[in-house]
Amino acid sequence: LRVRAIVYGAFLLACGVMVWPPYVTTGTPGRIRLGLDRRGGIHLVLLVGVEDALNATVDDAVTIARDQATRQGIQYESVQRVDPTSFEVEGVEPARVKDMREVLRDYFRDGWEVRDAGESRFVVQMTEVYQKRLGDQTVEEAKRTLERRVNQLGVAEPVIARHGSTGDQILVQLPGVTDVEQAKRIIKTTAQLSLRRVEDSAASEETLLQRNGGRGPHNMEMITGAGAEPGERVHYLLRRESLITGRDLKNARVGVDESNRPQINFTLNPTATDRFSRETGRNIGRQLAIVLDGSVYSAPTIQSKLGADNRITGQFTTEEADELSKILRAGALPATLRYLQELTVGASLGRDSIRDGVRASIAAMAFIALFMLGYYRLAGVNAVVALTANLLIVLAALAYFGATLTLPGIAGMILTVGVGVDTNVLVFERIR
């Protein structure tokens, strides 16, 4: 009995240290993490727009097809995206149709299907397996990007996980957030950056449509944005394919322009730098639109071939430039996010939840202990001690594995006590 008492006592003491450690700990194992409903904070359910990632992948494929055809000296009329999962090549010179087919099949083997769609025309289509794989990668990348952004906020013990049965939703919970508005701004800003060629621009949408036959070409897109003068709004006709996207960024930081106004300096990775230098060298004298979250921030004229270091100028305040640089540095989301659910839990509500939960637990334990002691006498003492040890072990397991304790969790522990009491009652009645 002495050996058993020492072993059990040491184990329960270890559980007590796990729940209430006498040392300062910054992670698990350690103290129990309190959930959103106990500490207050933000609860978001986000839907990832997988179609944006599919479009970006097809645009990259279009650029590759154009570059390879040009290097091989193959003449063609156009290479353009048809829908989010395919692109087409039209007007290939008859003598080089076979060469073009070989180029496409050589560069688009894994995850793509190349089809002859008529004379001198090819359609390159994503396979369903590749579409699903790309969708999963997009959601995982969005999840990792949100984690990096939350880390920049300094939030302790956040919950960021895939959510729902469709596989394209992300749950974000930020317990204990003090500056709720700043957190919501950084989480909600998608920071979809793209640099795209400007085909035309006008002061009004009607004028722009009039110049282009009443409607823009299907490989173009109309986007509004800032003009040369402060407060001026201009309508731009842009190519759908992007020269550079947020995925190509290596770094982003705040700087100042020639007029001492805030700007964002960004650096491209080596692969994107080569592509950007080549495309800007071909388009000297034309405008290049800097598009952020569906709006043109500026559209400077390309004066010379550009390289790795570039900048974004606009009507920024210092705070806006700082927040945007943080978002870009943490990583632009691979797709836009739509908010299916948003809930803000106040800190006072969290404190009330803690107080009420503790009261409920103490009341339940006290009532059960009095009942067991009054009805079963000394046998009831065994039951109370066993139930107390049971609760301590459960709490220690929560602390060790880093689980989050919420109000439903408290209710579950009270139910566990009830089930344990039920077992004791059956045993005691059988003994009697």
Side-chain angles (χ1 to χ4, degrees), residues 1-41 155-161 171 173-176 345 347-432:
L1 290 177
R2 186 181 300 111
V3 172
R4 290 183 181 180
I6 292 173
V7 172
Y8 294 159
F11 177 68
L12 293 178
L13 180 62
C15 290
V17 171
M18 193 66 64
V19 177
W20 296 284
Y23 51 87
V24 177
T25 178
T26 57
T28 57
R31 297 188 181 96
I32 296 176
R33 298 164 57 177
L34 299 181
L36 188 70
D37 53 2
R38 304 194 65 192
R39 293 176 58 188
V155 179
E157 301 172 350
V159 176
I160 302 174
L171 171 69
Q173 290 186 342
L174 307 179
V345 181
S348 59
L349 179 59
R351 286 192 295 270
D352 292 343
S353 299
I354 294 173
R355 184 179 63 252
D356 294 341
V358 170
R359 284 179 177 174
S361 301
I362 293 174
M365 282 295 295
F367 177 79
I368 291 171
L370 289 174
F371 172 78
M372 297 299 290
L373 292 173
Y375 194 79
Y376 292 109
R377 311 287 177 161
L378 290 177
V381 175
N382 293 334
V384 172
V385 171
L387 291 175
T388 304
N390 185 17
L391 269 181
L392 181 60
I393 293 170
V394 171
L395 290 172
L398 289 175
Y400 182 80
F401 291 106
T404 301
L405 182 61
T406 61
L407 287 179
I410 295 175
M413 285 194 294
I414 295 174
L415 181 61
T416 301
V417 171
V419 172
V421 169
D422 179 61
T423 304
N424 280 277
V425 168
L426 292 175
V427 171
F428 292 159
E429 289 297 325
R430 183 65 176 168
I431 292 173
R432 294 177 73 176

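Separation of atoms CG (Leu12) and CE (Met18) is listed at 13.0 Å; rounding is to 0.5 Å. For the atom pair OH of Tyr8 and CG of Leu1, the computed distance is 10.0 Å after rounding to the nearest 0.5 Å. Rounded to the nearest 0.5 angstrom, Ile6 CD1 and Leu13 CG are separated by 13.0 Å.
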Derivation of the side-chain contact (heavy atoms from CB on, under 4.5 Å) call for Phe11 and Ile393:
CA-CA 9 Å; Phe11 177 68; Ile393 293 170; 3.6 Å; yes
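The side chain to side chain contact (heavy atoms under 4.5 Å, CB included) test with Thr388 singles out one residue from Leu392, Val384, Asn390, Val385, and that residue is Val384.
Contact record, Ala379 with Phe428: O-CZ, 3.3 Å, taken as the closest heavy-atom pair.
Residue-environment remark: CG (Leu426) exceeds the threshold of 12 foreign heavy atoms within 6.0 Å.
Within the 4.5 Å cutoff, the side chain of Asn424 has no heavy atoms near those of the Val427 side chain.
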